[in-house]
Amino acid sequence: MLRLIVRRLLQLVPTLLGLSVLLFLWLHRLPGGPASALLGERATEADRRQIEEALGLNDPVWVQYGRWMERLLQLDLGSSVRTGRPVWEEFTQRFPATVELALAAMLIAVVVGIPLGYFAARRRGTWLDVGAVSGSLIGICIPVFFLGFILRAVFAVNLGWLPSFGRQSTGIDATEITGFYVLDGLLTGEFDASWDAIEHLALPALALASIPLAVIVRITRASVLEVLGEDYVRTAESKGIARRVVRGRHVLRNALLPVVTTVGLLAGSLLSGAVLTESVFAFGGIGSFIRDAIDARDYPVLMGFILFIALLYVAINLLVDLAYSLIDPRVRVN
């Protein structure tokens, strides 16, 4: 197990290095640039050259990359071209909202998707199976931002059950510790603030969870159906072993392997997919900040964000590999 962790961490170095080179070259090949985005269309050529000189954009690309890599080795992601603040400060201020939203969406997708897919496979051909398959197909087809608008219009505007935007009500004066509002309310004993944060989290989390939920339902159903036809399942049933033991120990446990892989892939995509959802609900996460950084060609912010997402992907894949050995000890990851 320790060898696996060390090997994955060592693989992280060339992965991030290669990604950083490709990203740096790609971003600097984009039309326009930070100077044009900051000054606007009416800026003179002299103004652009002055901004580029101040930002060091006149240097060769390899010189700019070496300068950026030197700062990165010192754990310095640089400063935002648009705001002037350190990139790390911008991330720590906004990223907890995105992570909280992604975790809530994944929790909904896993808690609902795995049992629904399992029981749909157990009752194949019934109304439950047909409803689960049809619902998952609809969930995959509906765009997240469109579903977000529908949820906000129905449950926030028309019914008034849930708030339509933001992370917390204006009248709530909560103590912020970690930036995760639900967790902060529980840690400080301000349960009204925690519940208010959950209410604000409900609609965007449901919208963001729609596609992962649909995928998990279909993968779980297909995996359970495949395992139910295996010889060792029929052998266990013929021996008179209790059905509860057969379903739990032999069927569900073996069917979870492809589901774990799917959950790991979806968990990383949720962080990048939260951009649209945050825009619909004005959630105040990293989404709007990255959108503005793209418009402004804010290279340090974009480089830091994409590398951070890549780092999370590697960490999630490591957790998936570890989960394999916990679910099925026969699996050996080389």
### Query
For the atom pair CG (L256) and CD1 (I114), what is the distance rounded to the nearest 0.5 Å?
5.5 Å
### Task
Hey, could you give me the CD1/CD1 distance between I216 and I108, rounded to the nearest 0.5 Å?
11.5 Å
### Query
Has the side chain of T92 got a donor or acceptor atom that lies under 3.5 Å from a matching backbone atom of E89?
yes
### Summary
Heavy atoms of D184 and G179 approach each other most closely as OD2-N, 3.2 Å
### Query
What's the spacing between R221 CZ and E226 CD if we round to 0.5 Å?
13.0 Å
### Task
Working to the nearest 0.5 Å, report the span between CZ of R124 and OG1 of T126.
11.5 Å
### Task
Would you indicate whether the side-chain heavy atoms of I142 and I211 approach each other to under 4.5 Å?
no
### Task
Nearest 0.5 Å please: distance from the OH atom of Y181 over to the CG atom of L201.
12.0 Å
### Query
Should V301 and E90 be marked as a side-chain contact (heavy atoms from CB on, under 4.5 Å) after you check the CA-CA gap, both sets of side-chain angles, and the distance that decides it?
CA-CA 9 Å; V301 171; E90 299 283 8; 5.7 Å; no
### Task
For I140 and A214, work out which heavy atoms get closest and say how close.
CG1-CB, 3.4 Å
### Query
Are V280 and V154 linked, directly or through other ILVMFWY residues, by side chains that come within less than 4.5 angstrom of each other?
yes
### Query
Given the rule in the side-chain contact (heavy atoms from CB on, under 4.5 Å) test, do R218 and L137 qualify, once you have shown the distances and angles that lead to the verdict?
CA-CA 9 Å; R218 297 180 72 88; L137 182 60; 4.3 Å; yes
#### Entry: Closest contact, heavy atoms only, E278 versus T98
OE2-OG1, 2.6 Å
#### Entry: Verify same cluster id: F146, V157 (apolar side-chain graph, 4.5 Å)
no
### Test item: S223 side-chain N/O and I219 main-chain N/O as donor-acceptor pair under 3.5 Å
no
### Query
Between L162 and I150, is there a shared hydrophobic cluster once you connect ILVMFWY residues whose side-chain heavy atoms come closer than 4.5 Å?
yes
### Task
Could you state whether M303 and M69 fall into the same hydrophobic cluster, counting links through intermediate Ile, Leu, Val, Met, Phe, Trp or Tyr residues with side-chain heavy atoms under 4.5 angstrom apart?
yes
### Task
Could you walk me through whether W88 and F95 pass side-chain contact (heavy atoms from CB on, under 4.5 Å), step by step?
CA-CA 10 Å; W88 184 250; F95 213 74; over 6 Å; no
### Query
Transitively linked via ILVMFWY side-chain contacts under 4.5 Å: L103 with L187?
yes
### Task
Step by step, work out the side-chain contact (heavy atoms from CB on, under 4.5 Å) result for F145 and T277.
CA-CA 6 Å; F145 70 91; T277 308; over 6 Å; no
### Message
If you compare all heavy atoms of A207 against all heavy atoms of L151, which two are closest, and at what distance to 0.1 Å?
### Response
N-CD1, 3.8 Å
### Query
What is the minimum heavy-atom distance between R167 and F283, and which atoms define it?
CG-O, 2.9 Å
### Task
Calculate, to the nearest 0.5 Å, the distance between atoms CZ and NE2 belonging to F165 and H200 respectively.
7.0 Å
### Message
In terms of relative ring orientation, are F308 and F91 parallel, tilted or perpendicular, with 30° and 60° separating the classes?
### Response
tilted
### Query
Can you tell if the side chain of R123 reaches within under 4.5 Å of the side chain of D129, non-hydrogen atoms only?
no
### Query
Closest heavy-atom contact between L147 and S210?
CD2-CB, 3.4 Å
